[in-house]
Protein chains: 2
Amino acid sequence: MADVTLRDVARVSGCSVATVSRVLAGTRPVGAETARRVREAADALGYRPNQAARALRGRSTGTVGLVLPQITNPFYPALVRELTHALHADGRAVLLADCDDDPVAEAEYVADLLSRQVDALLVIPAHEERSRAAVAAAAARVPLVLMDRGCGPGVADSVAVDNTAGMALVLDHLAATGRRRVCFLGAAGTASAAAERRGAYAAGAGALDPGAPERVALGDFSVEWGRAAVDEVWPARPDALVCANDLIAIGALQRLQQLGVAVPGEVAVTGFDDIPMAALSAPGVTTVRQPVPELAAEAARLLALRLSGDNSGPQRSIRLAPALVIRESSTPSRLTPPRRAERNAAPVT
Amino acid sequence: MADVTLRDVARVSGCSVATVSRVLAGTRPVGAETARRVREAADALGYRPNQAARALRGRSTGTVGLVLPQITNPFYPALVRELTHALHADGRAVLLADCDDDPVAEAEYVADLLSRQVDALLVIPAHEERSRAAVAAAAARVPLVLMDRGCGPGVADSVAVDNTAGMALVLDHLAATGRRRVCFLGAAGTASAAAERRGAYAAGAGALDPGAPERVALGDFSVEWGRAAVDEVWPARPDALVCANDLIAIGALQRLQQLGVAVPGEVAVTGFDDIPMAALSAPGVTTVRQPVPELAAEAARLLALRLSGDNSGPQRSIRLAPALVIRESSTPSRLTPPRRAERNAAPVT
DNA sequence: GTGAAAGCGCTAACAG
DNA sequence: CTGTTAGCGCTTTCAC
């Protein structure tokens with residue numbers, strides 16, 4: 001069963017290795033009868049082309065590298081799933097590297113993947129500035145698409161959700177449901193998700209209340225910060241907490257529950273991303289759902305485009321519109337009672 | 001910056017490709033002065049060995065395939081993280097394939113990975129029986145380690161948590177905290193996690209109450225089933241629900257809350273796995289924590305052992321003991337008030 | 001201690 | 001249409 005080569009198939013089918021190669025790759029026309037014999041022999045022997053040899057010869061491994069900051073970030077598993085499926089559908093295999101939020105490790109992984117002759121790279125940068133050099137260097141060698149986060153302007157093609165549009169959806173929903181004293185629990189730093197969501201809040205919240213744009217507390221994208229942030233902003237007695245992601249929102253809900261504050265009665269809470277936990281918490285978190293399958297498909301499309309030769313075209317930066325998912329954390333139950341159907345929406349095994 | 005080969009390094013350093021290869025691989029003694037010059041040239045040129053060529057020549061790609069059923073299963077991201085780190089530490093790269101719980105897709109991925117000359121495979125089988133043929137065939141070609149789930153006896157080395165010991169921890173804890181009318185919300189089927197946890201419950205629950213081993217409801221490992229299962233068993237008025245995993249436990253908590261049942265006052269709820277959500281739900285779920293880093297390390301060790309030649313040794317089946325994590329879902333708050341420290345334990349970004 | 005040369009399995013000219 | 005041949009970049013005898 002092991003290691004049957006082109007030569008073996010050639011011997012059994014009674015023709016040359018070149019012919020066998022042509023039949024199997026479909027590169028050039030081959031006599032019908034010969035082709036049949038070859039295919040038969042290949043099948044019988046259980047022939048599998050050696051991809052290493054093919055790669056060495058053809059300068060293409062059919063492999064792409066996927067580098068991400070933390071697979072345990074609850075937003076990424078779904079993205080990884082869709083990306084691997086999209087790439088496998090194109091016949092490519094995925095080399096995965098988790099750099100553990102460390103730009104230095106990230107640079108090493110990128111270099112290692114390049115030495116393994118990946119045809120292209122998909123990178124979710126660990127850091128807006130400190131990932132830049134390695135990413136730019138890699139982008140000079142192979143097609144590279146950035147996802148989810150940026151790392152400075154003009155580095156490579158990129159695909160991400162439209163954070164500004166997402167924030168606007170949230171603010172519109174809160175306005176429509178009568179909330180006025182909104183405040184923002186966000187993340188500091190220059191990462192695109194942090195900065196864009198923060199900026200969109202600042203730009204849009206004024207329409208609800210002149211004081212809102214200044215009611216902002218900044219930490220990081222964690223549950224712990226969500227808990228702590230509530231204590232910072234609660235003295236201002238807001239009627240809505242707009243959180244920069246779902247983890248912050250879940251932390252906020254926990255702290256509010258401890259304080260005995262009614263959600264959504266006294267205060268509404270919203271998140272961003274729609275991670276699985278957002279649907280499972282009690283109350284369910286109203287949030288902005290990223291179009292994960294479409295993000296993955298766009299990234300795969302860009303990669304395929306670059307791989308098929310169009311390497312000189314203009315850099316593409318694709319933003320996809322997210323959708324609002326309304327759950328109980330923002331909607332008085334007399335308006336929208338918790339329904340089974342809604343809670344079932346969680347894409348969890 | 002692109003494509004500098006051994007020959008380039010040889011030319012610049014003024015010696016033969018053979019010598020350069022020996023210096024860089026450290027295969028054989030080389031003159032100190034020559035070695036220095038070679039290393040200098042390699043550095044200056046930014047030489048990176050072409051792994052495809054190395055693979056073709058040396059019959060080793062330094063690559064292992066990781067095949068899993070569903071990366072979105074909340075237990076797997078942490079495992080993938082630890083596995084990739086452990087393998088990268090050994091200088092190996094990881095080809096990831098998510099087969100979406102489909103044994104047919106799984107077989108295709110395994111075949112594809114083999115044709116890409118992976119040195120070894122790490123497989124979490126999608127199905128106890130239907131994964132068997134493909135896994136056994138692959139195990140005949142390369143070292144293969146099964147993780148988390150089995151697929152019939154005697155197929156390959158395997159690493160998993162000791163489900164029986166975990167269930168015993170839960171039952172002991174419930175007994176110690178005075179619960180007697182326990183019942184089990186489990187999963188049907190022959191998958192090892194389902195069968196072993198079910199079996200351990202049946203074997204151990206009799207010590208609490210003669211009727212307990214029969215108070216069993218079987219579905220699947222989902223939140224939805226957890227909700228539905230409560231309605232099946234609640235008429236028996238249990239004082240503890242032992243769930244086969246955390247998702248079931250979370251579903252059960254949701255339904256109990258809807259019914260207005262006090263947890264842990266009227267009924268205790270326990271889970272298994274300790275996924276991130278278990279720490280974040282309210283109340284936090286008492287559960288059995290799988291020793292994920294150690295499981296990954298053992299798998300990597302087995303792989304390294306087989307790869308270093310010991311391919312004929314006896315098959316190894318490694319079981320690691322889990323630990324009980326006590327949270328509020330099983331402990332009256334007057335005994336163990338919800339503490340910040342405990343809730344912070346969640347390994348979430 | 002070092003170099004020359006033979007391939008690993010495959011594809012792509014180049015002949016026929 | 002098909003066969004012969006020359007490598008892809010590297011490791012590894014085998015000579016020196």
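Chain letters run A, B, ... following the sequence lines, proteins first, then strands; residues in each count from 1.
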Separation of Arg57(A) atom CZ from dT5(D) atom C1', in whole Å?
11 Å
More 5' along DNA chain C: Gln51(A) or Arg28(A), using each one's nearest nucleotide?
Gln51(A)
Worked check of side-chain hydrogen bond (donor to acceptor under 3.5 Å, both in side chains) between Asp98(B) and Tyr109(B)
CA-CA 8 Å; Asp98(B) 173 327; Tyr109(B) 283 133; over 6 Å; no
Between Leu96(A) and His88(B) the two heavy atoms that sit nearest each other are O-CE1, 3.5 Å
A quick test of your reading: do over 12 heavy atoms of other residues, nucleotides or ligands sit less than 6.0 Å from CZ of Arg36(B)?
yes
Within this structure, what is the CZ-to-P distance between Arg22(A) and dT4(D), rounded to whole angstrom?
11 Å
With a sphere of 6.0 Å drawn around CZ of Arg130(A), does it hold more than 12 non-hydrogen atoms of other residues, nucleotides or ligands?
no
Exercise: do Glu106(A) and Ser131(A) side chains pair donor with acceptor under 3.5 Å:
yes
Across the strands shown, which category fits Thr5(A) at heavy-atom distances under 4.0 angstrom: base, sugar-phosphate, nothing?
sugar-phosphate
Ser16(A) vs dT2(D): side-chain N/O to OP1/OP2 distance below 4.0 Å
no
With heavy atoms under 4.0 Å as the rule, sort Gly31(A) into base, sugar-phosphate or nothing.
sugar-phosphate
Gap between atoms CZ and C1', on Arg7(B) and dT11(D) respectively (whole Å)
15 Å
Can you tell me how far P of dT2(D) sits from CG of Leu6(A), to the nearest Å?
16 Å
Nucleotide dC8(D), atom C1' - distance to CG of Asn50(B) in whole Å
8 Å
Should the pair Arg48(B)-Asp112(A) be classified as a salt bridge under the 4.0 Å nitrogen-to-oxygen rule?
no
Leu56(A) atom CG is separated from dG7(D) atom P, nearest whole Å, by 14 Å
Side-chain ion pair, Arg132(B) and Glu129(B), N-O less than 4.0 Å
no
Between the two ends of the helix from dG1(C)-dC16(D) to dG16(C)-dC1(D), what is the bend in degrees, rounded to 10 degrees, where each end axis spans five pairs?
40°
Any salt bridge between Arg37(A) and Glu40(A), counting N to O under 4.0 Å?
no
Looking at every non-hydrogen atom in both residues, tell me the closest pair between Pro49(A) and Arg54(A) and how far apart they are.
CB-NH2, 3.3 Å
So where does chain A start and stop touching DNA chain C, 5' to 3', when the test is distance under 4.0 Å to a non-hydrogen atom?
dG9(C) to dA13(C)
